[in-house]
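None of the values given here were measured: they were computed from a predicted structure.
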Amino acid sequence: MKIDRLIGILSILLQQDKVTAPYLAEKFEVSRRTIMRDIEHLCKAGIPLVTTQGQQGGISIMEGYTMDRTLFTSKEMQSILIGLKGLDSVAGTNQYQCLMDKLSMKQNNIQASNSHIQIDLSSWHKSSLTTKIEKIQEAIEKSLEIKFQYYAPKGESERIIEPYVLIFQWASWYIYGYCKKRKEYRLFKLNRMQQIDITETKFLPRPAPEIDFSEEEVFPTTIEAKVAFIPEVKWRLIENYGMDSFTINKDGRLFMESGFTDKENLFYWLLSFGNQVELLEPEGLREEFKRLLEEIQNIYKTGCDY
């Protein structure tokens with residue numbers, strides 16, 4: 001769209017002292033002639049642009065000319081407002097709604113046009129998550145350590161961390177911070193955190209390493225398993241892992257090979273499918289899973305003892 005391209009060119013010129021026509025042409029995937037016509041239109045609109053020839057030549061805004069550097073196209077503004085709606089779904093206040101109102105002031109067409117997308121980041125734990133998020137945000141802003149009780153598969157523990165970044169990833173909320181107990185940066189799941197307290201200990205923010213959200217880094221594979229499913233669970237495999245995650249055998253069964261972080265993770269996953277799944281490999285874990293199923297069966301044989 002021409003107007004979006006003109007605003008884009010102006011945004012680049014406001015951020016860079018000088019650019020060339022070929023650079024802009026490549027950036028916006030149009031011809032150099034089109035860029036020159038755009039420059040002419042900007043000049044007619046009252047933007048004093050200067051073009052210089054030679055090796056150090058290019059296009060620039062006349063020295064001394066100033067204007068608001070915050071330029072957004074209508075589509076960009078819509079994206080901003082949609083994102084704020086998502087944040088508002090977990091906020092305990094209307095601060096994001098107020099910000100949306102300020103950004104879209106006198107632009108009712110933008111508010112109306114983004115109603116076809118709805119983002120809700122809340123969960124079944126919305127009431128407790130809101131309080132946790134607000135408390136952690138306060139600690140981050142004030143550079144104060146937080147203390148909490150953490151519940152993980154390997155047990156319970158009290159942790160004290162320097163909080164740095166709140167993250168919404170893999171359909172859950174996390175806090176990324178420096179753990180004083182482990183002496184390293186860790187991700188903590190908010191749903192597993194209880195009794196969160198902001199301490200009076202102030203910390204000097206340290207240069208935190210870039211967070212690697214790759215599945216290999218966060219959920220490192222230690223077990224490779226081969227599993228067979230009945231055809232009735234195809235929808236679930238497609239929903240969670242995609243159409244290419246499995247192959248279909250002649251008997252109709254679905255075969256899948258996947259990596260897991262540990263044995264417990266694999267067993268919990270298999271149990272969620274009930275009698276619709278069979279662990280084929282590795283053989284050692286197949287036997288161990290069989291013993292687990294026998295133990296479960298024994299629990300129901302003995303009956304309830306209330």
J.: Let's go through Ile61 and Val50 carefully: what are the C-alpha distance in whole Å and the side-chain angles of both, what is the deciding distance for side chain to side chain contact (heavy atoms under 4.5 Å, CB included) to 0.1 Å, and is it a yes or a no?
T.: CA-CA 6 Å; Ile61 296 178; Val50 177; over 6 Å; no
J.: Using the test side chain to side chain donor-acceptor pair (under 3.5 Å), find all partners of Lys142 that sit at least two apart in sequence or belong to another chain.
T.: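 With neighbours one apart ignored, the set is Glu138.
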J.: Can you sort out the partners of Glu156 under side-chain contact (heavy atoms from CB on, under 4.5 Å), two or more places apart, ordered by chain and number?
T.: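 In terms of side-chain contact (heavy atoms from CB on, under 4.5 Å), with neighbours along the sequence ignored, Glu156 is linked to Gln149, Tyr151.
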J.: So, using side chain to side chain donor-acceptor pair (under 3.5 Å) as the criterion, who are the partners of Lys263 when residues are at least two apart?
T.: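 Listed in chain order: Glu288.
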J.: Indicate the atoms forming the closest heavy-atom contact of Glu283 with Leu280, along with that distance.
T.: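 Shortest heavy-atom contact: OE1-O, 4.2 Å.
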J.: Could you tell me if the side chain of Ile146 sits less than 4.5 Å from the side chain of Lys135, heavy atoms only?
T.: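 No; the side chains remain at least 4.5 Å from each other.
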J.: Should Leu270 and Val227 count as side-chain neighbours, where that means a heavy-atom distance under 4.5 Å?
T.: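 Leu270 reaches Val227 side chain to side chain.
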J.: Got a second to check how far Leu24's CG is from Ile39's CD1, nearest 0.5 Å?
T.: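 Between Leu24 CG and Ile39 CD1, I get 6.0 Å after rounding to 0.5 Å.
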J.: Please tabulate, one pair per line, all N/O donor-acceptor pairs under 3.5 Å involving side-chain atoms of residues 228-237, not counting sequence neighbours.
T.:
residue: Trp235; atom: NE1; partner: Glu232; partner atom: O; Å: 3.2
residue: Arg236; atom: NH1; partner: Ser272; partner atom: O; Å: 3.3
residue: Arg236; atom: NH2; partner: Ser272; partner atom: OG; Å: 2.8

J.: Asp262: what forms a side chain to side chain donor-acceptor pair (under 3.5 Å) with it, not counting sequence neighbours?
T.: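 For Asp262, no residue satisfies side chain to side chain donor-acceptor pair (under 3.5 Å) once neighbours in sequence are set aside.
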J.: According to side-chain contact (heavy atoms from CB on, under 4.5 Å), who are the partners of Asp251, at least two apart in sequence or on a separate chain?
T.: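 Counting only residues at least two positions away or on another chain, Asp251 forms a side-chain contact (heavy atoms from CB on, under 4.5 Å) with Asn249, Arg253.
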J.: List for me each residue that meets side-chain contact (heavy atoms from CB on, under 4.5 Å) alongside Lys189, sequence neighbours excluded, and say none if there are none.
T.: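 Partners of Lys189 under the side-chain contact (heavy atoms from CB on, under 4.5 Å) test: Tyr150, Ser172, Tyr174, Arg192.
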J.: Which residue pairs satisfy the side-chain hydrogen bond (donor to acceptor under 3.5 Å, both in side chains) criterion with at least one member in residues 197-206, sequence neighbours excluded?
T.: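 Those involving residues 197-206 are Glu162-Arg206.
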J.: Locate the shortest heavy-atom distance separating Gly242 from Phe246; write the atom from each residue and the value.
T.: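 Shortest heavy-atom contact: O-CE2, 4.0 Å.
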J.: Could you report the tightest heavy-atom contact between Thr221 and Gly259, atom names first, then the distance?
T.: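 So the minimum-distance heavy-atom pair works out to CG2-CA, 3.5 Å.
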J.: Any side-chain to backbone donor/acceptor pair from Arg286 onto Leu279? Under 3.5 Å, distance only.
T.: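 At least one qualifying donor-acceptor pair exists.
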J.: Measuring only between side-chain heavy atoms, which start at C-beta, is Phe188 closer than 4.5 Å to Tyr176?
T.: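 A side-chain contact is absent here, since even the closest heavy-atom pair is not under 4.5 Å.
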J.: Please indicate whether Glu294 has more than 12 foreign heavy atoms, meaning atoms of other residues, nucleotides or ligands, lying under 6.0 Å from its CD.
T.: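 Check passes, neighbour count above 12.
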J.: Would you say Ile196 and Ile160 are hydrophobically clustered, going by side-chain heavy atoms of ILVMFWY under 4.5 Å?
T.: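 No, it is not one cluster - the side chains of Ile196 and Ile160 are not joined through contacts under 4.5 Å.
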J.: Which atom pair, heavy atoms only, marks the closest approach of Tyr300 to Ile296?
T.: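 Distance-wise, the nearest heavy atoms are CD1-O, 3.1 Å.
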J.: Would you say that Gln16 contacts Val19 through its side chain, given a criterion of any heavy-atom pair below 4.5 Å between the two side chains?
T.: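 SC-SC contact between Gln16 and Val19 confirmed.
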J.: Is the closest side-chain heavy-atom distance between Ile12 and Phe28 below 4.5 Å?
T.: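 A side-chain contact exists here, since the closest heavy-atom pair is under 4.5 Å.
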J.: So that I can tick it off, tell me whether Arg291 and Glu295 are bridged by a salt bridge, with the cut-off set at under 4.0 angstrom between side-chain N and carboxylate O.
T.: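 So Glu295 does not pair with Arg291 through a salt bridge.
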J.: Could you measure the distance from the CG atom of Leu254 to the OG1 atom of Thr247? Nearest 0.5 Å is fine.
T.: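 Going from CG on Leu254 over to OG1 on Thr247, the span is 8.0 Å.
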J.: Can you tell me how far apart CH2 (Trp173) and CD1 (Ile167) are? Round to the nearest 0.5 Å.
T.: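 So the CH2 of Trp173 and the CD1 of Ile167 are separated by 9.5 Å.
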J.: Stepwise, does the side chain to side chain contact (heavy atoms under 4.5 Å, CB included) test hold for Ile133 with Leu190?
T.: CA-CA 8 Å; Ile133 289 172; Leu190 264 62; 3.7 Å; yes
J.: Any chance you could lay out the ring pair (Phe, Tyr, Trp, His ring centres under 6.0 Å) test for Phe267 and Phe260, step after step, and finish with the verdict?
T.: CA-CA 10 Å; Phe267 285 0; Phe260 295 86; 9.8 Å; no
J.: What pairs with Thr222 under side-chain contact (heavy atoms from CB on, under 4.5 Å), at least two apart in sequence or on another chain?
T.: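 Testing Thr222 for side-chain contact (heavy atoms from CB on, under 4.5 Å), a comparison that skips the adjacent residues, returns none.
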J.: Side chain to side chain contact (heavy atoms under 4.5 Å, CB included), that's the test. Do Ile223 and Leu285 meet it? Break it down for me.
T.: CA-CA 10 Å; Ile223 297 172; Leu285 287 183; 3.8 Å; yes
J.: About how many Å separate CG of Leu187 and SG of Cys179, when rounded to the nearest 0.5 Å?
T.: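 Here the rounded value is 11.5 Å.
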J.: Assess the residue pair Ile140 and Gln137 against the criterion (side chain to side chain contact (heavy atoms under 4.5 Å, CB included)); give the C-alpha distance rounded to whole Å, side-chain angles, the decisive distance to 0.1 Å, and a yes or no.
T.: CA-CA 5 Å; Ile140 293 174; Gln137 279 182 317; 5.6 Å; no
J.: Can you list every pair that meets salt bridge (charged side-chain N to carboxylate O under 4.0 Å, His left out) and has a residue in residues 170-184, with sequence neighbours left out?
T.: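 Those involving residues 170-184 are Glu145-Lys180, Glu184-Arg186.
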J.: Strictly under 6.0 Å, is that where the ring centroids of Tyr178 and Phe203 end up?
T.: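 For Tyr178 and Phe203, the ring centres are not under 6.0 Å apart.
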J.: Without swapping roles, check the side chain of Lys132 against the backbone of Met193 for a donor-acceptor pair under 3.5 Å.
T.: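 Yes; judged by distance alone, with no hydrogens or angles, the pair exists.
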J.: Counting only heavy atoms not in Lys147, do more than 12 sit closer than 6.0 Å to its NZ atom?
T.: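 No, not enclosed.
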J.: Taking all atoms of both residues into account, what is the closest heavy-atom pair of Tyr185 and Pro207, and its distance?
T.: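 Heavy atoms only, the tightest pair is OH-O, 3.8 Å.
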J.: Just to verify, what does Ser31 make a side chain to side chain donor-acceptor pair (under 3.5 Å) with, not counting sequence neighbours?
T.: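 Testing Ser31 for side chain to side chain donor-acceptor pair (under 3.5 Å), a comparison that skips the adjacent residues, returns Thr34.
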J.: Show the nearest heavy-atom pair for residues Met36 and Ala21, with the distance to one decimal.
T.: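 Nearest heavy atoms, Met36 then Ala21: SD-CB, 3.8 Å.
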J.: In Å, rounded to the nearest 0.5 Å, how long is the span from CD1 of Ile136 to CD1 of Ile198?
T.: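 If we round to the nearest 0.5 Å, Ile136:CD1 and Ile198:CD1 are 9.0 Å apart.
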J.: Are Val277 and Ile248 connected into the same hydrophobic cluster when the rule is that any two of I, L, V, M, F, W, Y join if their side-chain heavy atoms are below 4.5 Å apart?
T.: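 Cluster IDs for Ile248 and Val277 match.
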J.: Take atom CG of Asn240 as the centre, draw a 6.0 Å sphere, and report whether it contains more than 12 heavy atoms from other residues, nucleotides or ligands.
T.: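 Counting other residues, nucleotides and ligands, CG of Asn240 exceeds 12 neighbours.
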J.: A quick test of your reading: do over 12 heavy atoms of other residues, nucleotides or ligands sit less than 6.0 Å from CD of Glu158?
T.: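 Atom CD in Glu158 is crowded, with more than 12 foreign heavy atoms closer than 6.0 Å.
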J.: Can you tell me how far CD1 of Ile9 sits from NE2 of His41, rounded to the nearest 0.5 angstrom?
T.: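 That separation rounds to 10.0 Å.
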J.: Group every Ile, Leu, Val, Met, Phe, Trp and Tyr by side-chain heavy-atom contacts under 4.5 Å, then state whether Leu266 and Phe255 land in the same group.
T.: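 Leu266 and Phe255: separate clusters.
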J.: Which residues satisfy the salt bridge (Lys or Arg N to Asp or Glu O under 4.0 Å) test with Glu287, sequence neighbours excluded?
T.: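 For Glu287, no residue satisfies salt bridge (Lys or Arg N to Asp or Glu O under 4.0 Å) once neighbours in sequence are set aside.
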